[in-house]
A.B. asks: 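Sharing a structure here in structure tokens format.
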Amino acid sequence: MRRSVLLVPTVGEQLWSARLGGVRWIYAFTDETALARFALLRAPGDQAMDYAALLGARIVDEIVPSLGEPGGLAVDVATEDGSMFFPPVVGIVPEAVAVDAGGTGEERS
């Protein structure tokens, strides 16, 4: 996941995400086909869905810590039997924002 280029839908200048179970999940897709499946379910009407191409490492190392709340990465959420979830835990996100690191999930000094 870290070395993969992922397609992340955008809304304005924000990455598409949703809060579920106390975690802000950033949605990402492994290819345009997977993104298109999601767009058919979520995009308003026949409107095109904009996206950013980002390395998985950039998402979990830079973007997730900047959220200011527990955040994880949800990959290919519209793909039946193909979804992958990378929760905000040590080994996936930086320890300073991991919910299992003994802190509050917020940036520590």
Side-chain angles (χ1 to χ4, degrees):
M1 173 274 297
R2 298 183 64 76
R3 293 182 182 164
S4 298
V5 174
L6 299 171
L7 309 179
V8 183
T10 57
V11 179
E13 294 184 21
Q14 301 292 318
L15 300 180
W16 193 307
S17 66
R19 188 175 289 115
L20 180 65
V23 175
R24 170 69 61 188
W25 295 97
I26 296 173
Y27 291 163
F29 300 89
T30 54
D31 57 36
E32 288 183 342
T33 302
L35 177 60
R37 276 192 293 274
F38 177 76
L40 286 173
L41 298 171
R42 299 292 183 162
D46 291 336
Q47 201 170 14
M49 181 172 279
D50 293 329
Y51 63 89
L54 302 168
L55 281 175
R58 180 164 182 220
I59 297 168
V60 296
D61 291 344
E62 296 175 27
I63 296 170
V64 166
S66 73
L67 295 174
E69 64 182 311
L73 179 61
V75 179
D76 290 345
V77 295
T79 302
E80 191 172 324
D81 297 328
S83 299
M84 298 171 277
F85 294 86
F86 299 91
V89 295
V90 172
I92 294 179
V93 299
E95 188 173 336
V97 296
V99 296
D100 63 338
T104 62
E106 296 177 7
E107 196 75 41
R108 291 181 280 176
S109 301

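Hydrogens, waters and symmetry mates play no part in the numbers below; they use all other heavy atoms, side chains included. Sequence positions, counted from 1, serve as the residue numbers for this chain.
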A.B. asks: Would the distance check show the side chain of Asp100 and the main-chain N or O of Val90 forming a donor-acceptor pair, the cut-off being under 3.5 Å?
C.D. replies: yes

A.B. asks: Do Ile63 and Leu54 make a side-chain contact, defined as non-hydrogen atoms from C-beta onward lying under 4.5 Å apart?
C.D. replies: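 The answer is yes; the side chains approach within 4.5 Å.
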
A.B. asks: Test Phe29 against Val77 for side-chain contact (heavy atoms from CB on, under 4.5 Å), laying out the working first.
C.D. replies: CA-CA 8 Å; Phe29 300 89; Val77 295; 4.0 Å; yes

A.B. asks: Just wondering, do Val93 and Phe86 contact through their side chains at under 4.5 Å, heavy atoms?
C.D. replies: no

A.B. asks: Suppose the criterion is salt bridge (charged side-chain N to carboxylate O under 4.0 Å, His left out): which pairs have a residue in residues 24-35, not counting sequence neighbours?
C.D. replies: Arg24-Glu69

A.B. asks: Would you say the side chain of Leu6 lies within less than 4.5 Å of the side chain of Thr30, judging by non-hydrogen atoms?
C.D. replies: yes

A.B. asks: Between Pro65 and Pro94, what is the shortest heavy-atom contact and its length?
C.D. replies: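 Closest approach of Pro65 to Pro94, heavy atoms only: CG-CG, 3.7 Å.
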
A.B. asks: Taking the side chain as C-beta and beyond, is there a heavy-atom pair between Val23 and Pro87 under 4.5 Å?
C.D. replies: no

A.B. asks: What distance separates Asp76 CG from Phe85 CZ, expressed to the nearest 0.5 Å?
C.D. replies: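 These two atoms lie 10.0 Å from each other.
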
A.B. asks: Could you see if Val11 belongs to whatever hydrophobic cluster contains Leu41? Use Ile, Leu, Val, Met, Phe, Trp, Tyr and a side-chain cutoff under 4.5 Å.
C.D. replies: no

A.B. asks: Quick one: pull up CG in Leu7 and OG1 in Thr33 and give me the separation to the nearest 0.5 Å.
C.D. replies: 10.0 Å

A.B. asks: Should we say atom CG of Leu20 is surrounded by more than 12 heavy atoms from elsewhere, each under 6.0 Å from it?
C.D. replies: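 Counting neighbours around CG of Leu20, 12 or fewer heavy atoms of other residues, nucleotides or ligands fall under 6.0 Å, so no.
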
A.B. asks: According to a hydrophobic-cluster definition based on side-chain heavy atoms being under 4.5 Å apart (Ile, Leu, Val, Met, Phe, Trp, Tyr only), do Leu40 and Phe38 belong together?
C.D. replies: no

A.B. asks: Please enumerate all residues that pass side chain to side chain donor-acceptor pair (under 3.5 Å) together with Asp61, with sequence neighbours excluded.
C.D. replies: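 Asp61 satisfies side chain to side chain donor-acceptor pair (under 3.5 Å) with Arg2 once adjacent residues are dropped.
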
A.B. asks: Would you check if Val64 and Ile26 make a side-chain contact, meaning some heavy-atom pair closer than 4.5 Å?
C.D. replies: yes

A.B. asks: Determine whether Pro9 and Leu35 make a side-chain contact, defined as any pair of heavy atoms from C-beta on separated by less than 4.5 Å.
C.D. replies: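 Side-chain contact under 4.5 Å: yes.
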
A.B. asks: Within the structure provided, determine whether Leu55 and Val5 are in side-chain contact (heavy-atom separation under 4.5 Å).
C.D. replies: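 In short, these two side chains touch, coming nearer than 4.5 Å.
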
A.B. asks: Parallel, tilted or perpendicular, judged at 30° and 60°: which one describes the rings of Trp16 and Tyr27?
C.D. replies: parallel

